[in-house]
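So the structure is just underneath, and the comments pick up after that.
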Amino acid sequence: MALVNRPQGTFDQLPEGSPKIEAHTRARAQRYVTDVAGAMLERAGAQLIVTPLFEEAEVVRRGVGGSTDIVRKEMFSVFYQGEHGGYVLRPEGTAPIVRAYLQNGLKQLPSPLRLWTHGPMFRAERQQQGRYRQFHQVDYEVLGSEDPVVDAEAIALMVDVYARLGVRGTRVKLGSVGDPEDREAYNAYLRDLFEPHVARLSDDSKDRLTRNPMRILDSKSEGDQALIAELRPEALLDRLGVEARAHFDAVRGFLDAWGVPYDVDPGIVRGLDYYRRTAWEVHHEHIGAKSALGGGGRYDGLAEMLGGPRTPAVGWAFGVERVLLAMHQEGVEVPDGERPLLYVAALDEQFVALAARLAFTARANGVAEYAITPRKPGKAIGEALKKGARYVAFIGSDEAARGYVSIKDLDTGTQMPVPVEALDDILARRLSLRSGNIADIVLELLLTDTTVLNGARLAQTVVSDAEVTRFARAFTNKAFLQGLTLPGAARAPEPFAGLTPGRSKSAVTLWNFLDPTL
RNA sequence: GUGGGUUUAGCUCAGUUGGUUAGAGCGCCGCUCUGUGGAAGCGGAGGCCGUGGGUUCAAGUCCCAUAAUCCACCCCA
């Protein structure tokens, strides 16, 4: 049977260590980026909103715009039971959020309302570097204000998120697409300008002349650029109406005051119809042809286009995959997940159930796994090291007979016996000790908790000379000072005094400790 | 939608002017090894050579088609 592949242009997000893993397909890294961004946005007062992955096609058609490439050729339709449902997989997050805002009466929440979301978006394009049919975005939207300060704040926040994620070398390209009448007039101006020279335009640009003349200006065709150099068209930015101009200048004023770096780019053309006035993109130099990490803008007219009351708003989105690509290019490390705390290995089949149970309860304190089949100690240690665990616990016949487990601290090499009933307490206590050294933890426990001390029956350990000395001295002093009456207390100092420390890290030294029966 | 590259083991790749049973390293599993740090040695599993046609006595190798994948264009995150 031939293997069935994933749909074209999609990718699987994979666990660490997967053979074919790439920067953007690391599940942990994907989650890291959305977690970091989400935490920052929530600190800025944004609240999480989640909308369905599919919407009425009308939401997208009216919001994004019927003349855009997204609506014309990149929509995934949703069918059910063979019938077209009139739905499409969402190609972007803003229109659905505005739809949800209107439908759920969010207008009554304090205004302006800051929202954020994250999740997959779908566009039926041919795949290439940084462009996928299902990709992931983090969205931030501010609804209910036309104050330029929220435009500027949104940009500043976006820049902060990239910085927090460790992405350097970002450039904010800031422009304004003006009010609708500004853009209409400008498009007419461009058409008049290029119409006489239509024969010299590239095929792509001939098409652009009717659909979206502004796109001609950033054509990659040399012929087009030569023509543009001759005609020297004015920039839209220089033909803004009074209000749009004042708004743009005010946004710049805030950014300047806050020291947020940006480049004014008269050529900024956003691909979605709903943008008004402020528009920006954030680019990164080293991620191939798709250098835009994200973009945003003001969309004061969108709510009305969806049938709601006028609701001025501004927002942005960035592509998680492109940010991951940028992070990868810059060598930014994604922090490791939670380090495994404990790996429990039974040395014999009959102790596997106990090993599993110890792992279960240890999970209150961290990541804990167990070996499902018996392990030799050396193999168990190797596996624990591979998993990156701090401690490995052994349960063999010696341990089981006396009711303890052997805990080896893989960072320090120290191994200590721990009564089974004290294991969870010990794991919890490691948090209060900076070193996490198992010897320190056990010592602390013995010195502070006499019930555990009374329960201790045997000690077996592999320690250095220094640790033996320290352990013995501390124990003796404490017992003396507190006048503890312990089983075998009278003999307590002696085992330490007469102790022969392990000859090497791998040597095993046994001695009796606090066991009146021995 | 357009153009170019790639496709041989789980992964990275060899594979001679077409010629017998398609290889290596890594990874995985086992043993050496009945209780202590990622070792080593030995062994094992794992392949419709992307798929379908064609040329030939003979195809991993040559031709055609197709698919997947990567990159670029359009456009966008």
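Proteins come first, then strands; the chains are lettered A, B, ... in the order of their sequence lines, and each starts at number 1. Since the structure is predicted, the reported quantities are computational estimates derived from the model, not experimental observations.
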Closest contact, heavy atoms only, [X] versus [Y]:
X        : Y        : value
A:Ala279 : A:Val177 : CB-CG1, 4.1 Å
A:Ile372 : A:Val352 : O-CG1, 3.8 Å
A:Leu143 : A:Ala313 : CA-CB, 3.9 Å

Write down the distance separating the [atom1] atoms in [N] and [M], rounded off to the nearest Å.
N     : M     : atom1 : answer
B:G50 : B:C11 : P     : 13 Å
B:G60 : B:U20 : P     : 10 Å
B:U17 : B:C28 : P     : 37 Å
B:U21 : B:G4  : P     : 38 Å
B:C62 : B:U69 : P     : 24 Å
B:A9  : B:C13 : C1'   : 11 Å
B:A24 : B:G44 : P     : 11 Å
B:G19 : B:C75 : P     : 49 Å

Please report, rounded to the nearest Å, how far the [atom2] atom of [N] is from the [atom1] atom of [X].
X        : N     : atom1 : atom2 : answer
A:Lys379 : B:C29 : NZ    : C1'   : 9 Å
A:Asp69  : B:C75 : CG    : P     : 7 Å
A:Trp280 : B:A77 : CH2   : P     : 12 Å
A:Arg322 : B:A77 : CZ    : P     : 8 Å
A:Ile372 : B:C29 : CD1   : P     : 12 Å
A:Glu125 : B:C73 : CD    : P     : 12 Å
A:Glu22  : B:U12 : CD    : C1'   : 14 Å
A:Arg133 : B:C75 : CZ    : P     : 18 Å

Do the side chains of A:Asp411 and A:Arg339 get close enough for a salt bridge, i.e. N-O under 4.0 angstrom? yes
Consider the side chain of [X], meaning its heavy atoms from C-beta on, and name the nucleotide among [options] that approaches it most closely.
X        : options             : value
A:Ala292 : B:A77, B:C75, B:A72 : B:A77
A:Gln127 : B:U69, B:A77, B:G35 : B:U69
A:Pro19  : B:C11, B:A72, B:C75 : B:C11
A:Lys376 : B:C33, B:C71, B:A77 : B:C33
A:Arg126 : B:G1, B:U36, B:C75  : B:G1

For the ring pair A:His24 and A:Tyr132, is the centre-to-centre distance below 6.0 Å? yes
Check: A:Trp316 ring centre within less than 6.0 Å of A:Tyr140 ring centre: yes
What's [X] touching, base or sugar-phosphate or nothing? Going by heavy atoms closer than 4.0 Å.
X        : value
A:Leu410 : base
A:Phe135 : base
A:Arg208 : sugar-phosphate
A:Gly396 : base
A:Ser205 : nothing

Stacking check: are the rings of A:Phe394 and B:G35 less than 5.5 Å apart at their centres and under 30 degrees in tilt? no
Is A:Gln128 near enough to B:C70 that one of its side-chain N or O atoms lies under 4.0 angstrom from OP1 or OP2? no
Ignoring backbone atoms, establish whether A:Lys20 has a side-chain N or O less than 4.0 Å from OP1 or OP2 of B:C11. yes
Between A:His284 and A:Glu330, is there a side-chain donor-acceptor contact under 3.5 Å, judged purely by atom types and distance? yes
Please list, chain by chain and in numerical order, all residues satisfying side chain to side chain donor-acceptor pair (under 3.5 Å) with A:Glu153, sequence neighbours excluded. A:Arg114
Excluding sequence neighbours, so at least two apart, what forms side chain to side chain donor-acceptor pair (under 3.5 Å) with A:Tyr370? none
Dot-bracket for RNA chain B, please, read 5' to 3', with Watson-Crick or G-U wobble pairs under 3.5 Å on both distances, ( ) within the strand, [ ] crossing, | other strand, . unpaired. (((((((..((((.....[...)))).(((((.......))))).....(((((..]....))))))))))))....
Both A:Gly388 and A:Glu281 contact RNA chain B. Which one's nearest nucleotide lies toward the 5' end? A:Gly388
5'-most contact on RNA chain B (nearest-nucleotide basis), A:His24 vs A:Glu383, goes to A:Glu383
Has A:Asp348 got a side-chain atom pairing as donor or acceptor with A:Gln350's backbone, closer than 3.5 angstrom? yes
